[in-house]
Every structure is written in structure tokens, then in C-alpha cells.
Amino acid sequence: MQKVCVVEDENSIAEMIRMNLELEGFEVMHFDHGMMASEHFSQLPEYDLIILDVMLPGVNGVELCRQIRENSQVPVLFLSAKGTTSDRIEGLKAGGNDYLPKPFDLEELLLRVGVLTNINKKETAEVVQIGKCEVNFKTFLITNSDSGEVINLSKKEVSLIQLFHEKEGEVIARSEILDRVWGKDQFPTTRTIDNYILNFRKVFEDDPKHPKHFHSIRGVGYKFTK
Ligand code: CA
């Protein structure tokens, strides 16, 4: 199920959005205060779309968007009564993907939500190059182009590499990795993830002590770069 976060201090608007997005099959989270939303985003929650009102108590929507962009490329849609060109430009400069002035037409909102949530669904590549290694997600094999060595991956390892690839350049929290790769029914410790990463480094990194691909982000999780 795709998840949308709505930050809007006018509860009637927020409820209207929530109801309609839930009817469209989205799971919806709502905050009515900028500060609470800011705290929530600092935990790096996973969303398919974030809808931000601009004028909010505590922290405004543009600031929230800047904060989100430090760690994530999740699509952001601004909603605002401030619909002048300069406001739109400010929102887009802060990293917003779209801007809908209030009052808005519900159908238009839903259409834009549809477009924005689809851009996030990247085609999953079959083969990915990481350093000297080629990873094949269909055959579960890694081939080292230097040594010619071929390594078999487990299903978990493939899922983990796919997640890193999908989120390339973004910080991924350990909790998100557990949620996405292990699911809610299994309870591995965060140490399990660390062990997987140690193994990946042995395979992919020229110098596992100074990784170029699988970076540790202290206190949070990991970041992958190709
Ligand atoms: Ca407002």
C-alpha cells in the first residue's frame, strides 16, 4: 500500500484529503503542526508522497521541504493559499515537485497525486553495476569483471541490494531496511543488517575499511552510492 503524509493545519481540508486518498487506496498519515511534522521527518519515515501546506504553525512547509530533501527524494506536493508566482518558485526551489494553490479542485489534487506517486515507481533493473561487480537480480549472481569470480546471492541479499539501488544516494534508516527487506513478521536485530553490509563490503569494495559504495551513517543507517 502506498503511503502519503499530509501536513495541513486546517483540519477540514486535511480530513477531506485523507478521506479521498484512503478511498483511492492510500495509507494516510496527518500532522497539523509544523514542529510535530519536522520531528516525524527527522526519523526518516518512508512515504510515497508528502503533501505540505505552506503556512503552518511552528515550521512552515517550505522549511519542512528543505529538511526532507536533506535525506530523501520523495515527491513533495505543496498546497497553499499563497498562490503567487514567487511563492510557487520558492516552493519548487526548496525541492517541491508540484504546487497546487488553494482553493483547489479535488479531482485535480487526485490527478496530481496519481502522477507524483507513479514517478516514484522506478522500473527495477535486471542488472546493476557496482564497482567491478555486476549484480544480476534475476539469476541472483554477482560477477566480478576483474577476477571473473561468480558469487551466489541469497534472496535477502538481493532484496537488500535492490533497496539500496532504488534509494541510491539517500540515507536509509535501519528501521526502514528491516521493514522493507525483513517485513513486519520477522525480528532480526539491527546487528543482522550490519553483518550483511560487512559481507557486501568484502565483495564490492576495493578497500572494505574505506567503503565507496556502502557507507555507514552513524546512528541512523546506511547510504549507498554507485
Ligand atoms: Ca495553513
Side-chain angles (χ1 to χ4, degrees), residues 1-122 166-167 169-176 179-180 184 217 219-221 223:
M1 189 184 268
Q2 289 197 305
K3 282 163 93 179
V4 179
C5 186
V6 180
V7 188
E8 164 65 75
D9 59 328
E10 285 171 67
N11 282 314
S12 57
I13 296 180
E15 270 316 299
M16 187 265 285
I17 295 174
R18 177 205 284 277
M19 215 178 68
N20 283 283
L21 290 184
E22 284 178 353
L23 283 173
E24 298 280 313
F26 292 97
E27 187 181 333
V28 181
M29 186 84 175
H30 169 228
F31 291 91
D32 62 1
H33 196 284
M35 200 67 89
M36 282 156 62
S38 173
E39 270 177 42
H40 176 67
F41 293 138
S42 70
Q43 311 289 315
L44 308 180
E46 171 73 358
Y47 286 108
D48 297 286
L49 172 67
I50 297 176
I51 299 177
L52 297 176
D53 182 25
V54 173
M55 305 278 275
L56 290 163
V59 181
N60 73 43
V62 175
E63 272 309 311
L64 287 175
C65 186
R66 287 197 189 101
Q67 180 193 344
I68 292 162
R69 281 289 171 266
E70 285 173 18
N71 299 305
S72 168
Q73 289 306 313
V74 59
V76 169
L77 169 64
F78 281 111
L79 291 180
S80 181
K82 296 172 72 187
T84 66
T85 308
S86 65
D87 294 327
R88 289 179 195 224
I89 289 171
E90 193 191 4
L92 297 174
K93 269 188 177 166
N97 300 74
D98 204 353
Y99 198 111
L100 196 54
K102 287 178 183 173
F104 54 84
D105 180 77
L106 180 62
E107 199 181 341
E108 186 178 3
L109 172 75
L110 294 176
L111 278 172
R112 292 189 189 215
V113 166
V115 169
L116 289 169
T117 49
N118 271 321
I119 58 168
N120 216 19
K121 282 187 208 151
K122 283 183 207 155
E166 187 188 313
K167 301 259 172 182
E170 296 182 35
V171 177
I172 316 179
R174 283 192 181 78
S175 56
E176 184 186 341
D179 194 34
R180 292 275 304 265
K184 294 193 200 304
I217 307 296
V220 184
K223 183 170 86 175

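Each ligand, and each atom within it, is numbered from 1 in the order the structure gives.
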Donor-acceptor pairs under 3.5 Å, side chain of residues 37-44 to any protein atom, not counting sequence neighbours: which ones?
residue : atom : partner : partner atom : Å
Ser38   : OG   : Gln67   : OE1          : 2.8
His40   : NE2  : Tyr47   : OH           : 2.7
Ser42   : OG   : Glu39   : O            : 2.6

Applying salt bridge (Lys or Arg N to Asp or Glu O under 4.0 Å), can you list everything that pairs with Glu108, at least two apart in sequence or on another chain?
Arg112
Side-chain donor/acceptor pairs under 3.5 Å, residues 56-66, sequence neighbours excluded:
residue : atom : partner : partner atom : Å
Asn60   : OD1  : Val62   : N            : 3.0
Asn60   : OD1  : Glu63   : N            : 2.8
Glu63   : OE2  : Arg66   : NH1          : 2.6

side-chain contact (heavy atoms from CB on, under 4.5 Å) with Ile51: of Leu116, Leu21, Val28, only one passes, and it is Leu21
Check Arg69 with Glu170, please: is the shortest side-chain N to carboxylate O separation under 4.0 Å?
no
Report, as a single number, the protein N, O or S atoms less than 3.0 Å from the Ca ion (ligand 1).
3
Any donor-acceptor N/O pair, Asp179 side chain to Ser175 backbone, under 3.5 Å:
no
